[in-house]
Structure formats: C-alpha cells, structure tokens
Amino acid sequence: MFLQRLIRYPSQLSLLRRYTTNGVRPITSYFQLFPKSFPNGGPPKDSFLINPRQLRREYRELQSENHPDVLIGSSFLSDNRTNDSSKNDFSSVINRGYVTLKNPYTRIAHYIKLNHPDHLDITQDDVSKRIISEHQNKSMEDSLEYKNILMEVLEAHEQLELANSESEFEGLEIENNSRIENSENLIEQVIQEGGSNWDELMMLGIQLKYWVNIQNAIKEWEPGKPVHLTH
C-alpha cells in the first residue's frame, strides 16, 4: 500500500530513493528531507551552516506538493508525544524538519542525537544539566567560563526587562547575533575536524541555546511584557 501511494507521487519516490542503492529506504534524519540544502545528507559531509533563504525556499517547494504518508525510518523523526498517526505524515515531518533545521540550536541538537554514540538529546533538561555539571567539574577554568556565560544571560535579561523602547537594546541585539554566528562557526569547526569531541560540541550547543533564547526574547519584546529567558 505504501509503495502504491508513492507511485502516484514520483517526486516523493525520487526523494526517498536518493538515499539508498536498493530501492526505497526510510528517511532517517531531517537533513535528508532537504537535499538542495544538504546534498550529501547533512553534516559532516555537508556544512552545519545553512542558507536560511534556500532552506525556506526548499521547504515551500516540498509543502506545495500533495504528499502522501511517508515511511518514518527513525524514532528520532516521529512525534512520540501523540498516538495520532496523522502527526507523522509527510507534511508534518517536513514541518518539524524545517523548524528544527532553521534554528541553529535545535539543528545541532538533532545532529548530536543522530550521531552521538549514546544518541543523547541535549534538549532534555536532565541531559543538559548532567553535561553542564560534568563540564564545570573538569577544571576551575571551565567552571568560571560557564559562570561568565550565565552572567551574560542575566545581564541580557535585566537589560530587556528595564527597556522602555527597542532602541535601548539595539546594541544587545547586535552583540547577541555575533554570539550566535560565532557559536555556529565553532560548531562547524568541531564537526569538520572529525566531530569526535562530543563534550565540546554538546557544550557549544547548550551555550547556543542561551543566545537563541535571547534572540527570541528580543523578537518578542513588548513594553511592560515580562521577559522569560530559560537557561
């Protein structure tokens, strides 16, 4: 039945066959859903860095087609929070894939979950807290470095809370965008060097979450509205 549905939609059959030598095989990562943005199936064969406009254009092209259900080849791509099978149809998977990959934090989290020997999910609080604790216990220097990052997050929170107009945090926005760009470049460097330094890569991912949260808080800022920054 699955193959019969695919035959009616040759473009989707082509997409699935792109990643196999013996016919149709389930897609196992969000990177594989966007072959124009990740022609080699994702990092490390492709860059971790993306062209946001190209990714969005490819996403719109995929969603413009009337896709049937697609065979989900990995639990990493399934929405385990619901038993509704419609949540795992091709359109929903494309949506989740796009949302995951356009955000640099969830993009690196997806990469780590796919490739880490233990498939760790750094978006889970218990996992990230353990990673942070182990990092701080490595050395006094590592501990101080992490505390300085938290201070930067708290200072950003205070600046947003006290602001009366967007012009008051223009400098913060520029500085934070620079942090995000720097974090993405460091992640790309670690991945292309072999990607085996998982501790460093996971901490870079966790730090990136802080900068992305600040970015989101800046975008959502309104006078008098409480500012929530998770860390």
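- Checked against a 6.0 Å centroid threshold, the rings of Phe31 and His110 count as neighbours.
- The two residues Asp46 and Gly41 have their closest heavy-atom pair at OD2-N, 3.2 Å.
- Geometrically, Arg96 does not engage Tyr30 in a cation-pi contact defined by less than 6.0 Å to the ring centre and at most 45° from the axis.
- A salt bridge links Arg179 with Glu175; the closest basic N to acidic carboxylate O contact falls under 4.0 Å.
- Two different hydrophobic clusters hold Ile112 and Val99 under the rule that ILVMFWY side chains link at heavy-atom gaps under 4.5 Å.
- The closest side-chain donor-acceptor pair between Glu200 and Asn197 falls under 3.5 angstrom.
- For the side chain to side chain donor-acceptor pair (under 3.5 Å) test with Lys36, the passing option among Glu61, Glu58, Gln54 is Glu61; the others fail.
- By the 4.5 Å heavy-atom criterion applied to side chains, Ser37 and Asn51 are not counted as neighbours.
- The closest side-chain heavy-atom distance from Arg107 to Asn103 is not below 4.5 Å.
- The aromatic rings of Trp221 and Phe169 stand perpendicular to each other, their planes meeting at an angle above 60°, with 30° marking the opposite boundary.
- Distance check, rounded to the nearest 0.5 Å: CZ of Arg60 to CZ of Arg56 gives 4.0 Å.
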Glu173/Asn177 under side chain to side chain contact (heavy atoms under 4.5 Å, CB included): CA gap, chis, key distance, verdict: CA-CA 6 Å; Glu173 184 173 15; Asn177 287 341; 3.9 Å; yes
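- A donor atom on one side chain and an acceptor atom on the other are found under 3.5 Å apart for Glu193 and Gln189.
- A distance of 11.5 Å separates CD of Glu161 from CG of Leu154, quoted to the nearest 0.5 Å.
- Leu114 is listed as a side-chain neighbour of Ser29, based on a closest heavy-atom distance under 4.5 Å.
- Hydrophobic clustering, with ILVMFWY side chains joined whenever heavy atoms are under 4.5 angstrom apart, groups Leu150 together with Leu172.
- Rounding to the nearest 0.5 Å gives a distance of 8.0 Å between CG of Leu160 and CD1 of Ile214.
- Applying the 6.0 Å contact sphere to CD of Glu181 captures no more than 12 heavy atoms from other residues, nucleotides or ligands.
- Both Leu49 and Val212 are part of a single hydrophobic cluster, where members link through side-chain heavy atoms under 4.5 Å apart.
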Step-by-step side-chain hydrogen bond (donor to acceptor under 3.5 Å, both in side chains) determination, Glu188 to Ser47: CA-CA 7 Å; Glu188 166 71 357; Ser47 174; 3.2 Å; yes
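- Side chains of Ser139 and Asp142: a donor-acceptor N/O pair is present below 3.5 angstrom, by distance only.
- Taking 4.5 Å as the limit, every side-chain heavy atom of Pro223 sits out of range of all side-chain heavy atoms of Asn164.
- Going from atom CG of Leu120 over to atom CE of Met202 covers 5.5 Å, rounded to the nearest 0.5 Å.
- Annotation: side chain of Tyr111 is not in contact with side chain of His116 (no heavy-atom distance under 4.5 Å).
- With 3.5 Å as the limit, one finds no donor-acceptor pair spanning the side chains of Tyr105 and Asn213.
- In this structure, the separation between CD1 on Ile50 and CG on Leu101 is 7.0 Å, given to the nearest 0.5 Å.
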Step-by-step side chain to side chain contact (heavy atoms under 4.5 Å, CB included) determination, Val190 to Leu186: CA-CA 6 Å; Val190 172; Leu186 288 173; 5.6 Å; no
Criterion side chain to side chain contact (heavy atoms under 4.5 Å, CB included) on Phe38 and Lys45, from CA distance to verdict: CA-CA 9 Å; Phe38 302 98; Lys45 292 182 179 180; over 6 Å; no
Intermediate values then yes/no, side chain to side chain contact (heavy atoms under 4.5 Å, CB included), Asp118 and Trp198: CA-CA 11 Å; Asp118 296 324; Trp198 290 109; over 6 Å; no
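- The shortest side-chain heavy-atom distance between His135 and Asp199 does not fall under the 4.5 Å cut-off.
- Residue Glu145 places its CD atom among more than 12 non-hydrogen atoms of other residues, nucleotides or ligands, all under 6.0 Å distant.
- In this structure, the side chain of Asp121 does not engage the main chain of Lys113 through any donor-acceptor pair within 3.5 Å.
- For the residue pair Ser91/Gln63, the side-chain donor-acceptor check at 3.5 Å is satisfied.
- Contact of the Ile191 side chain with the Leu201 side chain is registered, since non-hydrogen atoms from C-beta on lie closer than 4.5 Å.
- Atom CD1 in Ile180 sits 9.5 Å away from atom CH2 in Trp211 (nearest 0.5 Å).
- A salt bridge between Glu134 and Lys138 is absent, with no side-chain N of the basic residue lying under 4.0 Å from a carboxylate O of the acidic one.
- Side-chain contact between Ser128 and Thr123: absent, with no pair of heavy atoms (C-beta onward) separated by less than 4.5 Å.
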